[in-house]
Amino acid sequence: MKNETFSYDDAIVKKFALATLVWGGVAFLVGLIAALQLADWRLNFGVSWFTFGRLRPLHTNAAVFAFAGNAIFAGIYYSTQRLLKARMFSDALSKFHFWGWQAIIAAAAITLPMGFSQSKEYAELEWPIDLAITVVWVVFGVNFFMTLLRRRERHMYVALWFYIATILTVGVLHVINSIEIPVGWFQSYPVYAGVQDALVQWWYGHNAVAFFLTTPFLGLMYYFIPKASGRPIYSYRLSIVHFWSLVFIYIWAGPHHLLYTALPDWAQTLGVVFSVMLLAPSWGGMINGLLTLRGAWDRVRTEPILKFFAAAVTFYGMATFEGPLLSIKSVSAIGHYTDWIIAHVHGGALGWNGFLTFGMLYYLVPKLWKTELYSKSLANTHFWIGTVGILLYIISMWASGVTQGLMLQAIDEHGRLVYPDFVETVLRIVPLFWIRAVGGSLFLTGFLVMCYNLWKTVESAPADSKEDVYSAPALAPVPETALGGTWHRRLEALAPTFSVLTLIAILVGSVLEILPTLLMHTYVDSNDKTVPYTALELAGRDIYVKEGCYVCHSQMIRQLPGDVLRYGAASTPEESMYDRPFQWGSKRTGPDLARVGGKYPNMWHFRHMIDPRLVTPNSIMPSYPWLTEKKIDFDGLQRKLDVMRSLGVPYGDADVLYAASNARAAAAQIAADLGTETGVKDLETREIIALIAYLQRLGVSPKAAPATQVGSN
Amino acid sequence: MKSLALSQFPMIYLSVTALLVFFVVFCAVLAHVTAKSRDPEFRSASRLPLEEGQRHESH
């Protein structure tokens with residue numbers, strides 16, 4: 001076969017690598033600020049857009065989609081072209097992908113601090129940005145798969161399998177989780193509600209970690225560790241088993257959500273078994289990565305790139321051991337809702353994703369700019385500063401999580417809570433928040449050292465760097481029977497067939513996990529006595545979402561003695577049947593709010609939002625003074641109730657038509673109550689009134705249907 | 001609460017079926033990849049990242 005000449009599009013790789021550095025800096029800096037805000041509430045500065053509730057989603061989105069996302073794309077564009085011996089299908093599509101993704105990130109960086117959020121973790125972005133993500137992701141997929149079809153290397157290396165799984169699964173996850181109805185340019189309500197919304201969201205959330213932060217990085221591991229060490233992957237056999245078992249199991253390793261239920265013990269145990277089973281493929285990959293360095297360990301001592309890779313794979317092993325561990329019932333009882341989960345997440349994000357990215361950048365930048373790394377010594381310094389930073393971070397958060405988890409569940413011999421004051425458990429762990437901040441500072445410092453090192457590397461590059469030209473035989477179309485080798489070898493040569501089988505593997509798990517959600521109406525009683533939120537309560541709920549209250553407060557009381565004694569009867573599915581989006585949360589830096597309604601007078605809530613220390617000494621919650629200044633959007637309520645009604649919430653015509661006037665009347669009552677006690681006037685149009693109305697409704701079942709008409713609109 | 005709702009899901013056999021399907025496929029793949037006769041093809045496949053095409057020139 002005649003040789004063809006071609007070149008690789010490395011310009012796009014350079015762009016993504018640069019974006020990784022820029023957004024990495026933003027993600028780590030915002031993370032550090034958020035960590036400091038938890039250690040000292042005054043660092044929220046009473047500024048709405050700078051408050052923890054709004055910065056935390058910005059941090060997670062920047063870390064996952066901006067830093068890790070750009071790193072993934074840099075690595076995929078570089079390795080895919082070389083593994084396929086083909087330039088990307090279209091430079092124009094590559095550029096569209098790059099600029100489209102950066103525009104999405106910029107939009108997130110602007111809208112999240114402004115409070116435009118769906119409050120669904122890792123899926124907070126509002127509907128216009130969701131649409132943009134879909135378009136850009138499809139463009140990326142088209143570019144990738146068309147390159148696969150035009151390749152010059154018959155067999156698809158294992159890294160490409162993981163990229164295929166990533167592109168297909170992330171697309172499925174994003175589209176299904178983002179089905180929402182707009183109520184304005186920057187607000188929407190999901191079509192799912194309550195339990196159903198939670199199930200879809202955590203199907204997405206669980207698998208976003210799997211297929212955005214795990215499978216693409218495993219692909220990068222399978223490519224860059226052999227490249228950097230100059231040695232082939234330890235076991236290609238193991239990589240086949242690793243891939244198929246991981247994509248099959250990971251997507252439906254959700255049975256640990258069945259813990260603490262009336263489900264028979266054998267079935268609960270089966271759920272735990274599935275989660276623990278995930279350890280096998282995960283560690284299969286880890287072992288494969290580490291053993292690739294077999295015979296090159298002497299170079300790990302001196303080569304910073306190999307150091308980063310070895311540490312990254314080790315952190316991957318730690319995180320994937322911890323995940324199944326946390327799915328065990330007795331461990332979950334302590335770890336859930338605490339900083340243990342934060343430690344688990346950051347062991348993966350900083351150690352696995354971060355260090356693998358850093359190793360990849362140290363490898364890529366000198367190659368792309370055709371020069372040598374400016375300083376190995378600085379890279380080694382980065383490695384050690386970063387490692388100490390990660391260890392300080394995760395060890396302090398382990399200690400914090402276990403401490404608070406045990407304190408919250410502690411019951412004395414008389415059946416009473418040992419620590420009934422929630423704030424007592426928070427004060428005990430504040431010193432650990434400072435240690436976490438030190439760890440984060442070290443990690444950020446190491447990152448800045450890398451930026452300097454890479455900048456100096458690029459500076460030393462030759463000015464007239466030319467594009468290399470390669471040659472390889474063209475790939476002639478051949479019938480499947482002529483491919484030779486075993487069935488998997490033949491499969492590796494058939495890109496479309498392989499992709500379809502991968503899609504089937506992830507869909508089997510998805511269908512099995514999502515089927516209970518779709519069929520929920522057939523086995524969960526819908527309680528027709530549950531009354532929908534009034535217009536004012538709904539307005540307050542939207543403010544609760546906007547301020548990111550869910551990042552610190554849960555609204556779900558588990559069937560655990562400690563939870564029930566502290567917060568009241570365990571939550572039931574009917575209670576949140578009209579909640580769009582659900583607000584169960586995933587972390588309790590503050591207490592659960594599922595039954596806070598009626599627990600305190602309006603005045604308590606008013607003072608609490610102005611300055612939490614006025615009613616809870618030593619509270620670390622930020623103050624929300626702007627809530628007494630910003631006005632409720634009464635005019636938008638009719639549209640909101642109308643959309644809710646179209647989604648199945650039983651609002652009458654009058655409820656919708658007179659939403660604004662009903663809300664004004666209810667607000668006037670609360671404002672009058674506050675005015676009597678405080679002497680503060682003119683509060684009836686302010687956001688704090690709506691928020692108080694919502695908080696007073698939580699866990700309270702009104703005896704009558706919501707008011708209908710109290711005046712003209 | 002999510003657990004409470006899911007605990008009422010009646011089709012538990014689906015999970016068990018999926019588990020069995022997984023084990024059958026897993027065993028088949030394991031048997032396939034452990035055969036000694038496949039050493040040469042696995043060896044050549046594992047070397048793919050170390051080849052980039054033949055470099056000709058820069059322009």
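So you know, we letter chains A, B, ... as the sequences are listed, proteins then strands, and number each from 1.
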Interchain contact, A:Ile233 with chain B, by part (heavy-atom threshold 4.5 Å)
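Both parts, heavy atoms under 4.5 Å.
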
Given that the side chain runs from C-beta out, which part of A:Gln81 has a heavy atom under 4.5 Å from chain B: side chain, backbone, both or neither?
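Interface part for A:Gln81: neither.
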
Quick one: are B:Val33 and A:Tyr236 in side-chain contact, heavy atoms under 4.5 Å?
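A side-chain contact is absent here, since even the closest heavy-atom pair is not under 4.5 Å.
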
May I ask you to test the B:Asp39-A:Arg237 pair for a side-chain heavy-atom distance under 4.5 Å?
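The answer is yes; the side chains approach within 4.5 Å.
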
Is it the case that atom CZ in A:Arg152 sees more than 12 heavy atoms from other parts of the structure closer than 6.0 Å?
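Counting neighbours around CZ of A:Arg152, more than 12 heavy atoms of other residues, nucleotides or ligands fall under 6.0 Å, so yes.
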
Quick check for you: to the nearest 0.5 Å, what is the distance between [X] atom [atom1] and [Y] atom [atom2]?
| X | Y | atom1 | atom2 | answer |
| --- | --- | --- | --- | --- |
| B:Leu48 | A:Met156 | CG | CE | 11.5 Å |
| B:Leu30 | A:Ser245 | CG | OG | 9.0 Å |
| A:Leu238 | B:Ser46 | CG | OG | 12.5 Å |
| B:Arg47 | A:Tyr157 | CZ | OH | 11.0 Å |

Minimal non-hydrogen separation, A:Lys227 against B:Pro49, with atom names:
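Closest approach of A:Lys227 to B:Pro49, heavy atoms only: CD-O, 2.9 Å.
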
